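A single structure is presented below for examination.
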Amino acid sequence: MQLFKRLFPDFKVQKISVNAGFSCPNRDGTIGHGGCIYCDNTSFTPGYCLCGDSIAEQIKKGKQFFARKYPEMKYLVYFQSFTSTHTDSLDTLRSIYREAMGSPDVVGLVIGTRPDTLTPKVVDLLREINATHPVIVEIGAETSFDKTLQLINRGHTWRDVESATALCHSRGLHCGLHLIAGLPGETQEMILETVRRACHLPIDTIKLHQLQIVRGTELHRRHEAGELEVTPFELNEYLNLCADITETVAVESAGRIEIERYTSQAPPDKVIAPKWGLKNYQFTDRLRRLISTRTLNPNQP
Ligand code: SF4
């Protein structure tokens, strides 16, 4: 059963993204400058988060947007932008989360972060919150290959991912892993190997997306300059890979891990490649059809 349905069996939940003004240790000099080479944080931040409103105000605006269609809906506050466990102090972090939890109809938090900022003290704070408001920690791992992590300037290792997931699990938190398919220098076999390794971690979900070359990023600059070879996925190639990944996760995790997402779409005017012209739900429909065809004709290539 899907994680959200398991956690909230009695009502529908919707994520509301908020921008709490977090920074990123890989940009502000704590561990590095410049950030991951593909990162353009504005490309995954909804418009209503960019205005400098308080967290409570952003939640209110997000709710107004969704409540028209589903008045009974409950909400998970999604700290998606930058690194949502990275602050100057634990008290600051606590007050940010408390402001979100204090808004009406908020039933849980989703915390997007890096593995190297999940210290025991931070994880203990999340455990405290989890006692009343389920917490799902989304950890950006991207790949299990340290060579690639270095190339894309992530500033952490796969060992950090293993430690962070183990720590979150030991405190009873729900954990999702974020992966990117198509990073420079990685073959499809390497991507599947990362998925296999992820399946042996104590996680509940995997969130995957294709590498996008986003305008203005370091990846874009290096790609244009011919300094880095990046081959964006063709649609059918990525569909087939996602079908392989789905089968791998089902087998390796024995059905324990759910794939929450396969694609991500930065705003069209920002994406250099790939440009498939498909909405996420259209991709998922085509993937479902492909998987059912494979099940019916298992010997087809
Ligand atoms: S992708 Fe995340 S960790 Fe990397 S620079 Fe952007 S915000 Fe920081």
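Quantities reported herein were computed from a predicted structural model and do not represent experimental measurements. All heavy atoms count here, side chains included; hydrogens, waters and symmetry mates do not.
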Problem - Shared hydrophobic cluster, L192 / L149 (ILVMFWY, side-chain heavy atoms < 4.5 Å) - result: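 No, L192 does not connect to L149 through the hydrophobic network.
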Handout entry: Short side-chain donor-acceptor distance under 3.5 Å, S144 and T194
Key =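 A pair is found: one side chain offers a donor N or O, the other an acceptor, under 3.5 Å apart.
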Handout entry: Under 3.5 Å: donor-acceptor pair, side chain of K275, backbone of P268
Key =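 Confirmed, K275 side chain pairs with P268 backbone.
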Exercise for the section: Establish, from distance only, whether the side-chain atoms of T30 and D28 form a donor-acceptor pair under 3.5 Å. Expected result: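 Looking only at side-chain atoms, D28 and T30 do form a donor-acceptor pair, the distance falling under 3.5 Å.
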Handout entry: Min side-chain heavy-atom separation F82-T113 under 4.5 Å
Key =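 The answer is no; the side chains never approach within 4.5 Å.
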Problem - T83 (side chain) donor-acceptor with T85 (main chain) under 3.5 angstrom - result: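 Looks like no, no N/O pair under 3.5 Å.
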Problem - Distance under 6.0 Å and angle within 45° of ring axis: K15 vs Y75 - result: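 Relative to the ring axis of Y75, which defines the angle, K15 lies outside at least one limit.
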Handout entry: Side chain Q210, main chain P274, donor-acceptor under 3.5 Å
Key =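 Checking the backbone N and O of P274 against the side chain of Q210, no donor-acceptor pair under 3.5 Å is found.
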Problem - Backbone N/O of K279 and side chain of Q265: donor-acceptor pair under 3.5 Å - result: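 No; zero donor-acceptor contacts below 3.5 Å.
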Exercise for the section: Just grab all the ring pair (Phe, Tyr, Trp, His ring centres under 6.0 Å) pairs involving residues 172-195, residues at least two apart or on different chains. Expected result: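 Residue pairs passing ring pair (Phe, Tyr, Trp, His ring centres under 6.0 Å), neighbours aside: H178-H209.
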Exercise for the section: For S54 and E57, indicate whether the former's side chain and the latter's backbone hold a donor-acceptor pair under 3.5 Å. Expected result: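 Here the side-chain-to-backbone pair exists.
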Problem - Heavy-atom pair with the smallest gap, counting every atom of A198 and L179 - result: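 Heavy-atom minimum between the residues: CB-CD1, 4.5 Å.
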Practice task
Taking atom CD of E229 as the centre, report whether more than 12 heavy atoms of other residues, nucleotides or ligands fall under 6.0 Å from it.
Solution key: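 Check fails, neighbour count at 12 or below.
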Handout entry: Sidechain N-carboxylate O distance under 4.0 Å for E189, R196
Key =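 Answer for the salt bridge query: yes.
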Problem - Contacts of E128 that satisfy salt bridge (Lys or Arg N to Asp or Glu O under 4.0 Å) - sequence neighbours left out - result: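 E128 satisfies salt bridge (Lys or Arg N to Asp or Glu O under 4.0 Å) with R94 once adjacent residues are dropped.
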Problem - Separation between CG of L211 and CG of L219, rounded to the nearest 0.5 Å - result: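 So the gap between those two atoms works out to 5.5 Å.
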Handout entry: Test salt bridge (charged side-chain N to carboxylate O under 4.0 Å, His left out) applied to E142 and R154, K207, R114, the passing residue
Key =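 For E142, the salt bridge (charged side-chain N to carboxylate O under 4.0 Å, His left out) test succeeds with only one of R154, K207, R114, which is R154.
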Handout entry: side-chain contact (heavy atoms from CB on, under 4.5 Å) between C175 and I136, worked out
Key = CA-CA 6 Å; C175 229; I136 298 143; over 6 Å; no
Problem - Side-chain ion pair, R197 and E162, N-O less than 4.0 Å - result: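 No, R197 and E162 are not salt-bridged.
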Problem - Donor-acceptor contact present, side-chain E237 to main-chain E234, <3.5 Å - result: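 Yes, the answer is positive, given that a donor and an acceptor are paired below the 3.5 Å cut-off.
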Problem - N26 and H33: side chain donor to acceptor below 3.5 Å - result: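 Looking only at side-chain atoms, H33 and N26 do not form any donor-acceptor pair under 3.5 Å.
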Problem - Short side-chain donor-acceptor distance under 3.5 Å, S163 and D160 - result: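 Absent: no donor and acceptor within the cut-off.
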Problem - Donor-acceptor side-chain pairing of N280 and T263 below 3.5 angstrom - result: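 There is such a pair between these side chains.
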Problem - Distance, nearest 0.5 Å, that separates CZ of R288 from CG of L239 - result: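 Between atom CZ of R288 and atom CG of L239 there are 12.5 Å.
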Practice task
For D146 and W158, run side-chain contact (heavy atoms from CB on, under 4.5 Å): C-alpha distance rounded to whole Å, both residues' side-chain angles, the deciding distance at 0.1 Å, then the answer.
Solution key: CA-CA 6 Å; D146 286 345; W158 177 246; 3.6 Å; yes
Practice task
Could you grab the distance from atom CG of L290 to atom CG of D285, nearest 0.5 Å is fine?
Solution key: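 One finds 12.5 Å between CG of L290 and CG of D285.
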Handout entry: salt bridge (charged side-chain N to carboxylate O under 4.0 Å, His left out) contacts touching residues 75-88 (sequence neighbours left out)
Key =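 Listed by first then second residue: nothing to list.
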Handout entry: More than 12 heavy atoms of other groups within 6.0 Å of H133 NE2
Key =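 Counting neighbours around NE2 of H133, more than 12 heavy atoms of other residues, nucleotides or ligands fall under 6.0 Å, so yes.
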Exercise for the section: Look at the side chain of E260 and the backbone N and O of I206, then say whether any donor-acceptor pair between them is shorter than 3.5 Å. Expected result: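 The answer is no, because no donor-acceptor pair under 3.5 Å joins these two groups.
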Handout entry: Residues that Y97 engages under ring pair (Phe, Tyr, Trp, His ring centres under 6.0 Å), provided they are two or more places apart
Key =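 Partners of Y97 by the ring pair (Phe, Tyr, Trp, His ring centres under 6.0 Å) criterion, ordered by chain and then number, come out as F79.
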Problem - Side chain D204, main chain E258, donor-acceptor under 3.5 Å - result: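 Answer holds: no.
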Exercise for the section: Run the salt-bridge test on E218 and R222 with the 4.0 Å N-O cut-off and return the result as yes or no. Expected result: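 Yes.
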Exercise for the section: In plain terms, say whether E72 and K12 are close enough for a salt bridge, that is, a side-chain N and a carboxylate O under 4.0 Å apart. Expected result: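 Salt bridge absent between E72 and K12.
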Problem - ring pair (Phe, Tyr, Trp, His ring centres under 6.0 Å) contacts touching residues 216-270 (sequence neighbours left out) - result: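 Listed once each, the pairs are F233-Y238, Y238-W276, Y238-F283.
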Exercise for the section: Please round to the nearest 0.5 Å and tell me the distance separating atom CZ of R215 and atom CD1 of I272. Expected result: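 The CZ atom of R215 sits 3.5 Å away from the CD1 atom of I272.
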Practice task
With sequence neighbours excluded, give me every salt bridge (charged side-chain N to carboxylate O under 4.0 Å, His left out) pair touching residues 246-256.
Solution key: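 Matches after skipping sequence neighbours: E247-R294.
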Handout entry: Donor-acceptor pair, side chain of N153 and main chain of G35, under 3.5 angstrom
Key =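 The answer is yes, because a donor-acceptor pair under 3.5 Å joins these two groups.
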